[in-house]
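Worksheet: one structure, shown below.
All values derive from a computational prediction rather than experimental measurement.
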Protein chains: 2
Amino acid sequence: MQICMNWRSIKFDWNRARAFLVTAEEGSLSAAARALGMVQSTLGRQVEALEAELGVTLFERAGRRLVLTRNGRDLLEHVRAMGEAAGQVSMSASGQSELIEGTIRISATETFAAKRLPPVIAKLRKFQPEITVEVCATNKAVDLNRREADIALRHFRPTQTELIARKLSDDNAFLYAAPDYLAQIGDPSTPAALGDADFIGFENNDVYLKGLKQMGVEITEGNFRLITDSHNVHWELVKAGAGIGVTMDLIGDAEPQVKRVLPDLAPVPVSTWLVTHRELNTSRRVRIVFDFLAEELS
Amino acid sequence: MQICMNWRSIKFDWNRARAFLVTAEEGSLSAAARALGMVQSTLGRQVEALEAELGVTLFERAGRRLVLTRNGRDLLEHVRAMGEAAGQVSMSASGQSELIEGTIRISATETFAAKRLPPVIAKLRKFQPEITVEVCATNKAVDLNRREADIALRHFRPTQTELIARKLSDDNAFLYAAPDYLAQIGDPSTPAALGDADFIGFENNDVYLKGLKQMGVEITEGNFRLITDSHNVHWELVKAGAGIGVTMDLIGDAEPQVKRVLPDLAPVPVSTWLVTHRELNTSRRVRIVFDFLAEELS
DNA sequence: GATCCATTATGCAAATATGCATGAATTGGC
DNA sequence: GCCAATTCATGCATATTTGCATAATGGATC
């Protein structure tokens with residue numbers, strides 16, 4: 001019958017393409033093997049086989065390192081598109097799965113993951129023992145579209161329409177500093193007195209600055225002379241007297257080495273949103289965890 | 001290290017996704033097996049394994065027929081995207097390949113494939129025996145973007161910018177009919193006398209009508225009361241006296257059962273373009289065949 | 001320059017996937 | 001209503017792929 005169908009062009013081994021993709025992105029066969037839960041030799045042979053199958057040299061073996069050839073780079077672009085689509089397949093499939101057993105990856109900021117989540121997760125484990133939970137503590141906003149997590153806890157309102165969000169109860173954050181440091185800058189008692197203080201910043205200080213402004217503290221990017229992406233480091237810097245930091249009262253008030261800066265100042269409300277991908281929320285498993293977290297955290 | 005990488009979501013077996021794609025598109029495991037050069041049982045097991053892996057039922061086994069479930073249909077959409085990307089990978093790879101051995105698929109209209117190509121292809125086979133040639137005779141314009149062919153011969157100028165085209169020498173086409181039929185409509189001797197004649201049409205008559213108009217024959221869609229997508233059938237209908245048809249002088253003049261309609265009329269120039277995809281033209285193999293065809297057919 | 005560490009290559013046994021042959025079930029035509 | 005033609009499922013021998021253990025190689029560091 002029809003020999004003019006275009007299947008011939010997709011007849012190559014797709015798993016080899018996957019091996020190539022992950023190897024190129026991770027930078028080495030070994031790293032790719034770790035990422036995929038395989039051994040390095042398998043990946044090596046798959047990439048080699050792909051090169052033979054396509055008749056294209058993908059990597060230049062420069063010593064112990066693999067560097068992409070020009071052809072490899074050109075091809076990687078298209079293989080990435082395959083990977084993107086594969087991610088969509090996986091996401092859509094997870095969304096349709098009625099199975100409860102399986103893994104759910106929850107992303108949250110370091111502090112939230114360390115201080116608020118543990119008891120909730122522990123309860124969830126008892127409540128739904130078939131569900132494996134993976135907590136991803138990162139202060140970067142993971143890309144739910146790319147399935148870097150199934151459920152994320154965010155401190156800003158998500159805008160993308162592909163995402164579903166539910167607002168949880170607010171926490172209160174206050175400014176904290178070591179008594180030593182406060183003495184050093186003259187024990188400020190008004191917001192204006194903080195104009196020259198050192199604030200310990202995050203990678204993106206926009207929301208933080210806006211919150212401070214609402215409290216009446218008028219400072220600029222110039223006040224952030226210490227910046228870290230880690231809440232832990234942030235907090236340790238505060239304790240060490242490196243400047244003024246911010247954290248939830250739950251944590252700050254429990255720490256004897258620090259005290260509130262301007263205790264009468266209104267708190268910064270820290271809102272938390274529970275977020276998931278629209279496509280995932282049709283999954284029984286995701287729904288269960290999503291609803292459980294919403295219930296427990298609000 | 002980073003557990004927040006999104007590789008986990010693409011860890012499923014991509015070949016199984018391919019099996020699902022082809023099965024769903026072809027409509028059965030057996031058809032898919034034929035298309036991919038595998039056996040049906042392998043595909044069946046791969047699809048089954050994919051269902052288990054994703055936890056989603058893709059097909060409903062209704063008797064001997066597989067029908068997509070709702071979930072399967074949703075997923076197919078994304079798997080199609082994977083397939084599209086895979087096609088790009090393959091095309092790009094072919095374009096980069098310096099290997100000469102391999103297959104080249106040439107698409108041409110039925111008539112062209114049957115009457116003009118054979119001697120040229122025979123010569124090419126002698127000239128480049130490592131190249132396997134596949135001739136796809138179809139009157140539909142194959143989609144070069146989707147790699148339905150590597151090289152196409154077309155009778156209209158391609159407009160897409162991704163395509164590279166070279167114009168070949170023109171052929172002349174004339175109107176032909178069986179003497180019986182001509183007698184029946186009164187042996188017309190002027191273009192105007194053809195106003196009520198039956199013309200045998202193609203699926204899309206736009207270019208044909210335009211060509212006739214240039215010859216001074218003013219007819220409309222209404223004159224096409226017999227339509228076929230096959231040049232063979234078209235020609236057999238002409239020989240059988242079903243109406244007026246068109247073909248290249250090379251073929252028409254060689255057929256004793258028919259004669260030219262209005263022999264003094266100017267011929268319809270039939271231009272031919274040799275077309276390939278921009279990305280493929282960087283391939284040594286494609287270049288060789290493309291240049292050879294251009295040389296031999298102009 | 002010797003050593004350590006992490007990388008890629010290779011040999012081999014075990015696990016896995018594939019193709020073939022066959023059987024069962026279903027459709028469509030006469 | 002029966003027959004022929006397809007289709008999917010299954011058992012089994014064979015091919016292929018995978019993982020493991022172990023080299024071999026190349027950078028980095030002191």
Side-chain angles (χ1 to χ4, degrees), chain A residues 1-3 5 7-8 10-54 56-69 71-73 76 86, chain B residues 1-3 5 7-8 10-54 56-69 71-73 76 86:
Chain A
M1 15 193 84
Q2 277 288 74
I3 61 161
M5 255 305 176
W7 300 128
R8 202 189 47 152
I10 62 161
K11 238 161 91 175
F12 66 93
D13 192 307
W14 287 16
N15 283 333
R16 293 173 180 166
R18 184 190 57 180
F20 168 56
L21 170 63
V22 182
T23 303
E25 298 283 15
E26 289 288 316
S28 79
L29 293 170
S30 308
R34 279 192 297 272
L36 286 166
M38 298 175 161
V39 292
Q40 154 270 136
S41 54
T42 301
L43 271 302
R45 284 186 278 233
Q46 285 191 345
V47 170
E48 197 175 6
L50 183 67
E51 288 182 314
E53 194 169 22
L54 300 179
V56 174
T57 305
L58 300 169
F59 291 108
E60 205 65 62
R61 272 74 174 176
R64 85 175 184 189
R65 172 152 287 136
L66 297 180
V67 291
L68 275 172
T69 61
N71 286 338
R73 241 178 311 132
L76 178 58
Chain B
M1 20 195 65
Q2 275 292 74
I3 61 162
M5 254 308 179
W7 299 129
R8 202 190 46 152
I10 62 162
K11 240 160 87 175
F12 66 92
D13 192 307
W14 285 17
N15 284 333
R16 293 173 180 167
R18 184 189 56 182
F20 168 55
L21 170 63
V22 182
T23 303
E25 297 282 16
E26 289 288 316
S28 79
L29 293 170
S30 308
R34 279 192 297 272
L36 286 168
M38 297 174 160
V39 293
Q40 154 268 333
S41 55
T42 300
L43 252 40
R45 283 185 278 235
Q46 284 190 347
V47 170
E48 197 176 7
L50 183 67
E51 289 182 314
E53 194 169 22
L54 300 179
V56 175
T57 304
L58 301 168
F59 291 109
E60 206 65 62
R61 272 77 174 173
R64 87 177 186 191
R65 174 151 286 139
L66 297 182
V67 291
L68 276 171
T69 60
N71 287 337
R73 240 178 311 133
L76 179 58

Distance check: side-chain N/O of Arg65(B) vs OP1/OP2 of dA25(C), anything under 4.0 Å? no

Verify the contact: side-chain N or O of Arg16(A) to OP1 or OP2 of dT17(D), cut-off strictly under 4.0 Å; return yes or no. yes

Partners of [X] by side chain to side chain donor-acceptor pair (under 3.5 Å), sequence neighbours excluded?
{"X": "Glu51(B)", "answer": "Arg61(B)"}
{"X": "Glu60(B)", "answer": "none"}
{"X": "Glu48(A)", "answer": "none"}

Just by distance, no angles: are the side chains of Trp7(B) and Glu25(A) close enough, under 3.5 Å, to form a donor-acceptor pair? no

Starting from [atom2] on [N], measure out to [atom1] on [X] and report it in whole angstrom.
{"X": "Leu29(A)", "N": "dG19(D)", "atom1": "CG", "atom2": "C1'", "value": "15 Å"}
{"X": "Gln46(A)", "N": "dT8(C)", "atom1": "CD", "atom2": "P", "value": "14 Å"}
{"X": "Asn15(A)", "N": "dT16(D)", "atom1": "CG", "atom2": "P", "value": "17 Å"}
{"X": "Trp14(B)", "N": "dA17(C)", "atom1": "CH2", "atom2": "C1'", "value": "20 Å"}
{"X": "Leu66(A)", "N": "dA9(C)", "atom1": "CG", "atom2": "P", "value": "7 Å"}
{"X": "Arg34(A)", "N": "dG19(D)", "atom1": "CZ", "atom2": "P", "value": "15 Å"}
{"X": "Glu26(A)", "N": "dA6(C)", "atom1": "CD", "atom2": "P", "value": "16 Å"}
{"X": "Glu51(B)", "N": "dC8(D)", "atom1": "CD", "atom2": "P", "value": "13 Å"}

Let me check something: any side-chain donor-acceptor pairs from residues 12-20 of chain B under 3.5 Å, sequence neighbours excluded? List them with distances.
from	atom 1	to	atom 2	distance (Å)
Asp13(B)	OD1	Asn15(A)	ND2	3.0
Asp13(B)	OD1	Asn15(B)	N	2.9
Asp13(B)	OD1	Arg16(B)	N	3.2
Asp13(B)	OD2	Asn15(A)	ND2	3.4
Trp14(B)	NE1	Ile10(B)	O	3.1
Asn15(B)	OD1	Trp14(A)	N	2.7
Asn15(B)	ND2	Asp13(A)	OD1	3.0
Asn15(B)	ND2	Asp13(A)	OD2	3.4
Arg16(B)	NH1	Glu53(B)	OE1	3.1
Arg18(B)	NH1	Lys11(A)	O	3.0
Arg18(B)	NH1	Phe12(A)	O	2.8

What I'd like to find out is whether the side chain of Phe59(B) reaches to under 4.5 Å of the side chain of Val67(B), using heavy atoms alone. no

With a 4.0 Å cut-off on heavy atoms, is Ser28(A) in touch with a base, just the backbone sugar-phosphate, or nothing at all? sugar-phosphate

Just report the end-to-end axis angle for the helix from dG1(C)-dC30(D) to dC30(C)-dG1(D), five pairs per end, to 10 degrees. 40°

If I take atom [atom1] from residue [X] and atom [atom2] from residue [Y], how far apart are they, to the nearest 0.5 angstrom?
{"X": "Met38(B)", "Y": "Leu29(B)", "atom1": "CE", "atom2": "CG", "value": "12.5 Å"}
{"X": "Leu76(A)", "Y": "Thr69(A)", "atom1": "CG", "atom2": "OG1", "value": "10.5 Å"}
{"X": "Leu58(A)", "Y": "Leu50(A)", "atom1": "CG", "atom2": "CG", "value": "5.5 Å"}

Could you go over nucleotides 19-23 of chain C and give all protein N or O partners under 3.5 Å, atom names and distances?
from	atom 1	to	atom 2	distance (Å)
dG19(C)	OP2	Thr42(B)	OG1	2.8
dG19(C)	N7	Arg45(B)	NH2	3.3
dG19(C)	O6	Arg45(B)	NH2	3.0
dC20(C)	N4	Ser41(B)	OG	3.0

